[in-house]
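Take a look at the structure below.
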Amino acid sequence: MTKFILYFLDKLQWLFKWLAVDYHSLRAIVEVKLMMENRRVHGLQRNQVQKKEHSNTFLKSLLFQALFSFIYGVMILFIKQPVYLVMMLSFSFIMFMVAFNMISDFAEVLFDTSDNVILLPRPVEGKVIWMARLIHIIVFLGALTLANSLGSIIFATFKFGWQAGFLFFICVILLCLITIFLTSILYLLLTKVVSEEKLKDIIGYAQIAFSVFIAVGYQFIARTDKLIGTETQEIVIKWWHYLVPPAWFAGVMEAFVAKHFELPYMIFSLLVLIVPFASLYIINNYLSPLFAKSLSGLGTPEITEKRAVKTAKKSTFLNVLSGIFTKTSLEKSAFELVWIITARDRKFKVRAYPIFGMLIYFIYNYFTQSQKQDVNVLMILYYAMFLIWIFSQQIYISDDWKASWAYRVAPLTNPGEVLLGALKSILVKVGLPIFIIIGAILIGKAGFGMIDDILFAMASTLLFISLNVFTGEFALPFSMEMANAKIKGNQWMKFLFLFLVAPILGFVHYFIGKTSYGLITLTPILLIIALLLLKEYRKIGWDRIKE
C-alpha cells in the first residue's frame, strides 16, 4: 500500500512544484509517516493485543468500518422516502464518521510534536511539513471514507443505477475535503485557546464518544425504519439546509436521480462544485502556515511544567473519601492511586469508559418498550453489574506496567490491602454513581417501588465482585501488560464465571421480586456475605500475586 501511494505521488510531482512545495523532502517525510501508520493501533483496536509489530492494523480498521457501512447502507434499499431525505442521512453518517476518525484516530499523528525536534531545526519549510501531514490525512481518511461509504455506494448503485453510484462516490470524495477543512479549523481554534495537555484530554473524550457511538449506533441501526417512519415524507427545503454540507450533496443526488432541477437543487450543485476546491485552496495557502506555527509551540517545557504543578495538588475531597472507606494507610494509598490514575490516564479512559455507552441503549428500551418492563429493569441493573466488573478488571492493566517494580522494592508485607483499596476505589468512583444515576431514572419513571430492586442489585454486584477473592492468582494495580492480561486462560475463566453467576442472580432477583418482602429480606444477607468476603482480601499474600 505504501509503495502504491508513493508511486502515485511521483506521478503528481508537477502539482507539488506548481504549489511551490519541495517534493523530495515531502516524499521522504510521507514515506516515514506511512510506515509508522501501518504499525500504529487504530480506533477500537486500542483494546486489542498487537502480537506482531508489523501487523496490518489499518486494514483491520477498514474492514470493521466497511462492515458497519453495509449495515447502515441497507436503509437506502428499504426506507420508502424521497432520495433527498435518504441521501442526507447517508451523507450525514459518512461526514460524522470521517470527522470522528480525524478527531479521534488521527489526532495522535496530527498533534505528534516529536517530529518537530527533527524537522524544525533543519531547512524544511512549514508548508512542506503541513503538506506531508495533509497527504497523510487525505490518504488514510480517504481510505476510511471509502470504507464508511462502501455500503451506501453499493446499495445506491443497485437501487438507482451505476451512474448514480458513481456520482455518489464523487460526492463522498468532495465531502471528505470539506470535512478535513472544517476539522482543521477546529484544530487550529483549539490550539489557540487550550494547552497541549488540555487538547489531548479533549481528543481523548472524542475517542470515548466515538467508541460509544459505534457500540450504541449499531443497536439503533436495526431500528432505523421505526425511527424514520414508514410514511413517505415531502421534501421541505429549509434555510439551514444551505449551511449543512450533507444537504448539498443530497440535493445533487435528488437532482440527478429524480430529475429535479428547481432553484434550491441548482444552488446545492453550485455549492458542491465550489466549496470543496475553495476549502483545499484555503488550507494550502492560509491554514498550513498557521498550523505549522501552532505545532511549533506545542510540547514546550513551560506547558509541561504548568501541568505538573497542577497535578501535584492533592484533592481534599479525595482525602475525605479515602478516609471514610479505608481503614489502613496502605488501603488509603491504593484507593487514591487508582482514583487518580483512572481519571488522568488517557489510554485507560479510552480503553475502559466506552463500555458505559450501552447503558444508553438499555435505558432507551426501558422508556420506549411498553412490554417486558420487568425484564428491561433487570437488563439495566445487571448490565451495570457487568460493566462495573469489567471496569474493575481494567485497573490491573497498564502501558507503563514496568513501573510496578515499585511494589516489590517497597516494604509491602500485605499486598492484599493494596488490592482491597484499589477495589474500593472502583466501587466508590464507578459503582456508586452508576447505581445512583440508574436509581434516579428508574424511580423517576416507576416510583419508589423500585428502591428494593435497586438495593438488591447493588448488594448482588458487591457480592459478585467480592467473589473474586477465590481467584487463584492476583495482579497488583497497573502491573500487567496488555498481552499478558489476555493470552492466559484465567481471564476466560473469569468471564465464564461472570456469565454463569450473573444470570443466576438475575433469575433469583426476578422470582424473589414477585414476593412481597423477598428482596428486602435477602438484600442484607447478600450484603453481609459480600462484606465478609471483602475482608478476606486482606489475607492475600505475595504467594498469590503473579509477576
(Q) What verdict does the side chain to side chain contact (heavy atoms under 4.5 Å, CB included) test give for Ile173 and Thr145, after you've listed the backbone C-alpha separation in whole Å, the side-chain angles of each residue and the deciding distance to 0.1 Å? (A) CA-CA 8 Å; Ile173 295 175; Thr145 303; over 6 Å; no

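- For residues 82-93, the side-chain hydrogen bond (donor to acceptor under 3.5 Å, both in side chains) pairs, not counting sequence neighbours, are Tyr84-His241.
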(Q) With ring-ring contact (aromatic ring centres under 6.0 Å, His included) as the criterion, how do Phe166 and Phe256 come out once you've worked through the C-alpha distance, each side chain's angles and the decisive distance to 0.1 Å? (A) CA-CA 11 Å; Phe166 180 74; Phe256 181 82; 9.9 Å; no

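- Here the CD atom belonging to Glu254 is positioned 8.0 Å from the CG atom belonging to Leu85, to the nearest 0.5 angstrom.
- Applying the 6.0 Å contact sphere to CZ of Phe158 captures no more than 12 heavy atoms from other residues, nucleotides or ligands.
- Checked against the 6.0 Å centroid criterion, the rings of Phe91 and Phe168 qualify as a close aromatic pair.
- The local environment of NZ in Lys11 is sparse, with at most 12 non-hydrogen atoms from other residues, nucleotides or ligands closer than 6.0 Å.
- With sequence neighbours excluded, no residue forms a salt bridge (Lys or Arg N to Asp or Glu O under 4.0 Å) with Glu262.
- Close placement of the Phe386 and Tyr383 rings is indicated, their centers lying within 6.0 Å of each other.
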(Q) I'd like to know whether Tyr382 forms a side chain to side chain contact (heavy atoms under 4.5 Å, CB included) with His509, so could you lay out the CA-CA distance, the side-chain angles of the two residues, the decisive distance to 0.1 Å, and finally the verdict. (A) CA-CA 10 Å; Tyr382 286 90; His509 187 157; 2.9 Å; yes

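- Annotation: side chain of Trp248 is in contact with side chain of Ile178 (closest heavy-atom distance under 4.5 Å).
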Q | Chi angles and distances behind the side chain to side chain contact (heavy atoms under 4.5 Å, CB included) call for Leu26, Asp22 | A | CA-CA 6 Å; Leu26 176 67; Asp22 182 5; over 6 Å; no

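- Atoms CH2 and CG, from Trp240 and Leu243 in turn, are 9.5 Å apart once rounded to the nearest 0.5 Å.
- The closest side-chain heavy-atom distance from Val275 to Phe181 is not below 4.5 Å.
- Side-chain atoms of Lys259 and Tyr265, non-hydrogen and from C-beta on, never get closer than 4.5 Å to each other.
- Among residues at least two apart or in separate chains, there is no side-chain hydrogen bond (donor to acceptor under 3.5 Å, both in side chains) pair with a member in residues 158-170.
- Scanning both residues, Ala164 and Val257, for their nearest heavy atoms gives CB-CG2, 4.0 Å.
- Residues Leu12 and Tyr23 form no side-chain contact, since every pair of their non-hydrogen atoms from C-beta on lies 4.5 Å or further apart.
- Annotation: the span from Asp10 atom CG to Ile5 atom CD1 amounts to 12.0 Å, rounded to 0.5 Å.
- Residue Ile153 holds its CD1 atom at 9.5 Å from CZ of Phe70, rounded to the nearest 0.5 Å.
- For the pair Ser69 (side chain) and Ala147 (backbone), a donor-acceptor distance under 3.5 Å is present.
- Leu432 is listed as a side-chain neighbour of Met458, based on a closest heavy-atom distance under 4.5 Å.
- Under a cut-off of 6.0 angstrom, the local environment of CZ in Phe169 is sparse, with at most 12 non-hydrogen atoms contributed by other residues, nucleotides or ligands.
- Side chain to side chain, Thr342 and Lys349 fail the donor-acceptor criterion of an N or O pair below 3.5 Å.
- Between Phe268 and Tyr242, the angle of the ring planes lies from 30° to 60°, which puts this pair in the tilted group.
- In this structure, CD1 on Ile436 lies 10.5 Å from CD1 on Ile454, to the nearest 0.5 angstrom.
- Of all the heavy atoms in Val252 and Cys171, the pair that sits closest is CG1-SG, 4.3 Å.
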Q: Go through the steps to decide whether Leu381 and Phe435 satisfy the test side chain to side chain contact (heavy atoms under 4.5 Å, CB included), and finish with yes or no.
A: CA-CA 8 Å; Leu381 293 174; Phe435 277 108; 4.2 Å; yes

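- Distance alone, capped at 3.5 Å, places no donor-acceptor pair between the Tyr281 side chain and the Pro276 backbone.
- Between Ile426 and Ile395, the closest side-chain pair of non-hydrogen atoms falls below 4.5 Å.
- More than 12 heavy atoms of other residues, nucleotides or ligands sit less than 6.0 Å from atom CZ of Phe261.
- Atom CD1 of residue Ile434 and atom NZ of residue Lys429 lie 12.0 Å apart, to the nearest 0.5 angstrom.
- In this structure, the side chains of Ile341 and Phe348 stay at 4.5 Å or more apart for every pair of heavy atoms.
- When side chains are defined from C-beta on, Phe249 does not count as touching Ile170, because their heavy atoms never get closer than 4.5 Å.
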